[in-house]
**Student:** 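First the structure, then my questions, so here it is.
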Amino acid sequence: MEYDLEDWKRHTVYEGYNKDSQPVLWLWEIVASLGSDLQATFLQFCTGSSRLPLEGFQGLQGSDGPRKFCIQRVEDLERLPSAHTCFNRLDLPPFPTLEMMRQRLLLAMQ
């Protein structure tokens with residue numbers, strides 16, 4: 001399945017980052033570079049499902065009702081990215097390089 005990354009970005013909220021923060025730009029670059037199977041794996045890692053509602057990303061549901069995808073900054077660079085699927089949230093450390101972020105994200109998704 002192909003995901004509309006622009007729709008995904010439009011329906012994302014940020015905690016501790018904004019849409020122009022370097023780690024966020026790198027994350028979207030990484031997601032865009034993944035094949036559709038790995039994009040599905042990433043979506044499942046973050047939300048608990050590789051499928052979207054008919055409404056697209058705006059229709060994502062959390063454990064407590066409608067909940068947008070969220071990228072939250074965590075300061076511990078020793079951590080892998082982690083997810084809270086009940087809240088559609090990715091906890092993302094501000095890794096210093098794109099390649100480190102890519103390696104850590106792919107490891108976390110396994």
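All of these numbers come straight from a predicted model, not from anything done at the bench.
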**Student:** Say you draw a straight line from OG of Ser82 to CG of Leu90; how long is it, rounded to the nearest 0.5 Å?
**Tutor:** 7.0 Å
**Student:** Can you find a pair of side-chain heavy atoms, one from Pro53 and one from Gln61, that are under 4.5 Å apart?
**Tutor:** no
**Student:** State the OH-CG distance between Tyr3 and Leu52, to the nearest 0.5 angstrom.
**Tutor:** 6.0 Å
**Student:** Any donor and acceptor pair, going by atom type alone, linking the side chain of Thr47 with main-chain N or O of Ser49 inside 3.5 Å?
**Tutor:** yes
**Student:** Looking at CG of Leu106 and CG of Leu38, how far apart are the two atoms once the value is rounded to the nearest 0.5 Å?
**Tutor:** 6.5 Å
**Student:** With clusters defined by side-chain heavy atoms of hydrophobic residues (ILVMFWY) lying less than 4.5 Å apart, directly or transitively, does Tyr17 cluster with Phe87?
**Tutor:** no
**Student:** How far does OG of Ser36 sit from CG of Leu43, to the nearest 0.5 angstrom?
**Tutor:** 12.5 Å
**Student:** Please name all residues satisfying side-chain contact (heavy atoms from CB on, under 4.5 Å) with Ala108, sequence neighbours left out, ordered by chain then number.
**Tutor:** Phe45, Leu80, Pro81
**Student:** Taking only residues two or more places apart in sequence or in another chain, which ones pass salt bridge (Lys or Arg N to Asp or Glu O under 4.0 Å) with Lys9?
**Tutor:** Glu6
**Student:** Take Leu105 and Trp26 through the test side chain to side chain contact (heavy atoms under 4.5 Å, CB included) and record every step on the way to the result.
**Tutor:** CA-CA 11 Å; Leu105 184 62; Trp26 284 341; over 6 Å; no
**Student:** Evaluate the side chain to side chain contact (heavy atoms under 4.5 Å, CB included) criterion for residues Val24 and Asn18: first the C-alpha distance (whole Å), next the side-chain angles of each, then the deciding distance (0.1 Å), finally the verdict.
**Tutor:** CA-CA 7 Å; Val24 169; Asn18 64 58; over 6 Å; no
**Student:** May I have all residue pairs that pass salt bridge (Lys or Arg N to Asp or Glu O under 4.0 Å) and include part of residues 90-110, sequence neighbours excluded?
**Tutor:** Arg79-Asp91, Arg89-Asp91, Glu99-Arg102
**Student:** State yes or no: do Ile30 and Tyr14 share one hydrophobic cluster built from I, L, V, M, F, W and Y residues joined by side-chain heavy-atom distances below 4.5 Å, directly or via other members?
**Tutor:** yes
**Student:** Within this structure, what is the CG-OG distance for the pair Asp37 and Ser50, rounded to the nearest 0.5 Å?
**Tutor:** 9.5 Å
**Student:** Output yes when a side-chain donor or acceptor of Gln39 lies under 3.5 Å from a complementary backbone atom of Val31, and no otherwise.
**Tutor:** yes
**Student:** Could you work out, with salt bridge (Lys or Arg N to Asp or Glu O under 4.0 Å) as the rule, every residue matching Glu78, not counting sequence neighbours?
**Tutor:** none
**Student:** Apart from Val13 itself, what residues make up its hydrophobic cluster, given side-chain heavy atom links below 4.5 Å?
**Tutor:** none
**Student:** Given side chains that start at C-beta, do those of Pro93 and Arg73 come closer than 4.5 Å, heavy atoms only?
**Tutor:** no
**Student:** Would you say the side-chain atoms of Thr97 pair up with the backbone N or O of Met100, donor to acceptor, closer than 3.5 Å?
**Tutor:** yes
**Student:** Show the nearest heavy-atom pair for residues Glu15 and Cys70, with the distance to one decimal.
**Tutor:** CG-SG, 3.6 Å
**Student:** Hey, what's the ring geometry for Phe57 with Trp8, parallel, tilted or perpendicular (30° and 60° as the breaks)?
**Tutor:** parallel
**Student:** May I ask whether Met101 and Leu25 are part of the same hydrophobic cluster, defined by side-chain heavy atoms of I, L, V, M, F, W, Y residues being less than 4.5 angstrom apart, directly or through others?
**Tutor:** no
**Student:** Suppose we screen for salt bridge (Lys or Arg N to Asp or Glu O under 4.0 Å). Which residues come up paired with Asp7, at least two apart in sequence or across chains?
**Tutor:** Arg10
**Student:** Is there a continuous path of hydrophobic side-chain contacts, each under 4.5 Å between heavy atoms, that joins Val74 to Leu27?
**Tutor:** no
**Student:** Calculate, to the nearest 0.5 Å, the distance between atoms CD and CG belonging to Glu29 and Leu98 respectively.
**Tutor:** 5.0 Å
